Amino acid sequence: MRVLCVAEKPSIARSISQILSGGRVETRPTQNKFIKNFDFDYAQTNSAFTVTAVAGHLLAHDFPDAYKQWSSCDPFTLFDAPIHAMVPAGNKSIERNLLNEARTANTLMIWTDCDREGENIGWEIISVCRKARPNIVVKRARFSAIIPQQIHRAAQHPVELDKAQADAVEARILLDLRIGAAFTRMQTLTLQNRLPQFREKRDVVSYGPCQFPTLGFVVSRYNQVKSFTPEDFWYIFLSLERELDGEMKKVEFTWRRGHLFEEDVVIEIYEDISEFPRARVVKVTKKNVKKWKPLPLTTVELQKAGSRLLKLTPKKVLDIAEKLYQQGFLSYPRTETDQYDPQFDFANLIGKQTVDPAWGRFAQGLQEGGFTSPRKGKNNDKAHPPIHPTAHAGNLAGDEKKVYDFITRRFLASCSKDAEGSETVVEVEYGEEQFYATGLIVLQRNYLDVYPYEKWTAKEIPDFRENEEFEPTTCEIKQGQTTSPSLLTEADLVALMNKNGIGTDATIAQHIQTIIDREYVIERMDGTTKHLLPSTLGIGLVEGYNEIGFDRSLSKPQLRREASSFIVQVCQGEKSKDQMLMESIEQYREMYVIARREFEKVISSVRRYIEGNRTQNTTGGNGGQGPGDGRGGNDGRGRGTNNRNDNNDNAPDNGSRGRGRGAGRQATAPSSRRGRPPPGSPPPEGNDEDHPRNRGGRAAPHSRTGVAISQPDVLASRSSSSAQNVLASSDRLRKCKCGAPASRRTVTQTCARQGRLFYECSTNKCGFFEWIEDEDSRKNDGPSPLVPAKRAFGAEQPITTSNILTRQCRCKEDAVQRTVTKDGINKGRIFWTCVKGRDEGCGFFEWEDEPSKPAQPMTIRTASQNNASSSGRCFKCDQEGHWASACPTGGMPNRPKSHGASKSDTPAAACFKCGKPGHYSNVCPTAIPLRPDSRAAVPKKRGGTTSNDECLRCGQVGHYSSGMDFHALPQAS
DNA sequence: GCAAGGTC
């Protein structure tokens with residue numbers, strides 16, 4: 001019997017021939033220079049084997065000539081035009097070889113990769129071979145690594161090809177072609193027709209169902225960076241010098257509250273604890289801790305690690321892994337699987353690594369009892385195992401060695417044990433405030449010995465006894481500032497695309513390259529890190545389509561996710577290929593009609609960005625200086641500059657940066673508040689009696705001058721927002737109802753108002769509140785330092801607040817954005833909801849990637865109605881009319897708040913703050929109230945700060961607007 | 001001149 005085996009690629013044909021023949025193989029050339037035929041007898045099945053290959057897909061799909069010319073038809077007709085499948089010219093030699101070999105074969109055995117595309121390529125091979133021998137018997141060899149055990153098993157136990165998977169891929173091919181061609185031609189031709197820049201350059205302005213969501217991610221992050229406003233915060237820092245092993249060691253204690261955004265509150269707390277001379281050790285805990293070994297390696301993790309640890313681009317890493325796979329050193333490198341099969345042969349593979357000079361001894365250790373089964377991830381593509389070394393490679397160099405080393409070390413690490421350590425936590429009470437310090441001793445490094453990409457640093461801490469008291473060496477207020485998110489890196493984008501199902505392991509890197517090639521996105525080096533930012537064309541397109549307002553946005557991942565889920569349905573036989581195609585084409589056809597009808601919006605958006613750029617360039621825009629030149633102004637509260645190079649500890653002249661609240665007070669910056677300057681600090685200057693260092697003891701409890709402000713050890717924002725740290729002179733005169741200068745603050749919550757500035761009473765007495773509208777729009781004026789020029793059209797284009805779309809809920813408030821975190825088809829999808837939360841709000845709910853609905857009157861909901869929303873959709877079943885908690889399919893019980901709750905959905909689970917069951921952490925009676933209640937936590941003896949004020953966001957009394965928890969929806973973050 | 005997915 002003669003068996004013709006056809007692999008997906010020449011390298012696999014060679015490898016399986018070597019394995020099955022035991023090296024006794026004859027090689028014949030074909031007309032294709034890459035493809036060889038390998039002949040040998042396979043005694044195990046008493047057959048004559050010929051092994052050959054194709055090179056990926058054998059067939060190409062295209063429209064007939066009447067539709068190929070762009071001017072020959074309306075692009076709309078491409079939704080219905082015939083599509084031919086043919087062997088393209090470049091593959092004719094491969095086709096001829098298959099026809100020749102099939103004529104004399106009894107059996108055709110398909111050896112393509114075991115995934116959907118492999119099944120489809122298999123059918124392409126069958127369709128060609130049957131032309132030469134219609135009744136040839138067809139079998140499918142199933143394998144997931146090029147190792148003898150698997151290859152022999154596949155050859156001796158072939159299965160049937162999965163037609164449903166091949167059909168699903170066929171549907172995807174046809175759909176992508178129709179959508180891509182129709183939208184690309186329409187938008188390219190229209191833009192060329194209407195805008196001279198496109199007529200001159202004649203570049204294709206392509207649309208693709210993966211390209212546009214990828215671009216959407218870049219634009220979205222860019223807008224987040226652009227609209228970010230840094231916010232100052234303050235915290236109390238405590239330290240103690242104590243002897244450890246004969247040396248003085250500085251123990252730094254962290255404030256349990258973390259940091260607070262209300263400076264006044266921190267000062268009051270600081271002054272309160274100033275009344276106490278000593279701190280007390282409340283508890284000393286020692287426990288064994290583990291640092292978990294890494295999960296088995298997937299393609300996406302490999303690409304991310306390659307970018308972050310090895311400094312190789314995702315595409316480069318994948319190219320190298322592919323080459324090493326073809327050489328037999330690695331398993332298949334394109335896999336989503338992060339769990340091993342229970343029968344996986346670890347011993348054999350570990351044994352192959354014992355010869356390596358770098359990690360051979362570690363591998364031996366695994367053989368001699370150190371082996372522990374790898375952790376089990378949550379993903380399994382059922383086609384391939386996690387990426388692992390299949391042979392030892394001793395002669396690699398350069399980037400290939402870097403990639404091979406990483407994969408092998410990762411594999412050995414995953415077969416080792418978690419690292420083990422002993423952690424000490426010293427909890428301290430100082431006044432009514434709590435602090436803690438931690439120490440760590442690493443007991444067993446285990447996997448860390450072979451995995452240098454992770455660190456676990458020991459931190460020694462001197463002995464402390466419970467109930468002992470000590471006088472802190474330092475107690476001071478330090479200041480920091482929230483930092484902007486970064487623009488996307490390639491690794492970030494890979495992760496986002498993977499999470500949202502855009503592209504495959506093999507194509508994600510290519511899609512990124514495409515939007516760069518199309519000049520929708522520009523790469524920019526920031527030091528050694530490469531960031532991606534949208535071009536003016538990229539932003540113009542995305543925002544233009546957003547203005548059209550589709551049911552499902554073209555630049556969001558939802559559409560592609562749906563397509564993927566349709567493909568899975570076809571694979572599982574739940575839907576036929578034709579049915580899936582019909583439904584999907586109809587959906588896109590409707591979108592096309594809307595896009596064509598309203599394309600004027602895209603044109604004006606693109607024109608606005610591109611020509612706005614040019615205008616700025618020719619009218620002498622300041623070339624990206626940004627609005628932040630006025631650094632060093634005064635905010636009216638005497639805080640002084642915001643220069644983070646200042647450092648009190650090192651600055652002998654402390655007078656330039658103090659708070660200066662008291663009239664004529666010189667600012668102070670001692671590190672100790674009780675006349676106990678830290679070693680090396682300069683002698684006190686001046687004669688200020690209120691200076692705490694000069695009062696020979698403690699600071700006056702109610703004085704606001706004896707406060708040390710250390711400049712931040714938290715880095716500043718990279719964005720151009722320093723202008724908002726500077727007050728215009730008129731701002732200094734703004735007074736609240738009680739006559740005091742008003743404080744200027746910034747909304748920091750992630751909501752539609754994020755970044756907006758407002759005034760409020762600086763003493764929190766009169767409840768004064770006012771938005772700073774003019775300032776808000778002013779800060780967005782002027783050219784941006786971030787928007788790059790596209791195609792030399794000009795310099796940069798400002799982003800205005802009008803570009804950041806917001807929606808209003810039925811209370812006529814700006815709605816807030818949330819993201820679905822629950823697993824399911826909507827995971828990761830963004831929605832708008834009422835700022836007041838589910839229980840108190842109007843029930844407003846809209847998906848971000850769907851158009852805003854006409855305003856509906858707000859209805860007052862009773863408590864019994866609180867689980868339903870007329871416009872919202874349930875997260876669980878996606879039906880309207882009820883929330884997930886009341887879902888008839890099995891909703892979750894209500895939770896008081898979403899944040900900080902334990903993972904369990906029932907209050908029977910332990911609170912994570914106090915460890916007791918019966919309540920969630922956000923209502924924990926024992927835990928220290930964190931930010932939402934920070935003002936209320938201040939002793940009320942001074943009467944200024946209780947939580948009797950109205951919340952800025954919902955108008956209710958009893959909590960502050962800063963408490964996101966009061967407004968959050970369950971299951972979202 | 002168009003897509004996404006294979007591979008060379």
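Side chains included, hydrogens not; waters and symmetry mates left out as well; all remaining heavy atoms used. None of the values given here were measured: they were computed from a predicted structure. Letters A, B, ... mirror the listed sequences (proteins, then strands); counts begin at 1.
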(message) Please enumerate all residues that pass side chain to side chain contact (heavy atoms under 4.5 Å, CB included) together with Met86(A), with sequence neighbours excluded.
(response) Ala60(A), Asp62(A), His84(A)
Donor-acceptor list for residues 72-83 of chain A side chains, cut-off 3.5 Å, not counting sequence neighbours:
{"residue": "Ser72(A)", "atom": "OG", "partner": "Ala66(A)", "partner atom": "O", "Å": "2.8"}
{"residue": "Ser72(A)", "atom": "OG", "partner": "Gln69(A)", "partner atom": "O", "Å": "2.6"}
{"residue": "Asp74(A)", "atom": "OD1", "partner": "Phe76(A)", "partner atom": "N", "Å": "2.9"}
{"residue": "Asp74(A)", "atom": "OD2", "partner": "Arg596(A)", "partner atom": "NH1", "Å": "3.4"}
{"residue": "Thr77(A)", "atom": "OG1", "partner": "Asp74(A)", "partner atom": "O", "Å": "2.6"}
{"residue": "Asp80(A)", "atom": "OD1", "partner": "Arg589(A)", "partner atom": "NH1", "Å": "2.8"}
{"residue": "Asp80(A)", "atom": "OD2", "partner": "Arg589(A)", "partner atom": "NH1", "Å": "2.7"}

(message) Does Thr112(A) reach a base, just sugar-phosphate, or nothing at all? Heavy atoms under 4.0 Å.
(response) nothing
(message) What contact category does Gln192(A) fall into here, base, sugar-phosphate, or nothing, at under 4.0 angstrom with non-hydrogen atoms?
(response) base
(message) The criterion is side chain to side chain donor-acceptor pair (under 3.5 Å); which residues satisfy it with Ser331(A), sequence neighbours excluded?
(response) His388(A)
(request) Not counting sequence neighbours, which residues clear side chain to side chain donor-acceptor pair (under 3.5 Å) with Asp505(A)? List them please. (result) none
(message) Output one letter per nucleotide in nucleotides 2-8 of chain B: B when a protein non-hydrogen atom lies under 4.0 Å from the base, S when only the sugar-phosphate is that close, - when neither is.
(response) BBBBBSB
(request) Kindly state each residue pair satisfying side chain to side chain donor-acceptor pair (under 3.5 Å) with at least one member in residues 207-217 of chain A, sequence neighbours excluded. (result) Ser206(A)-Gln211(A)
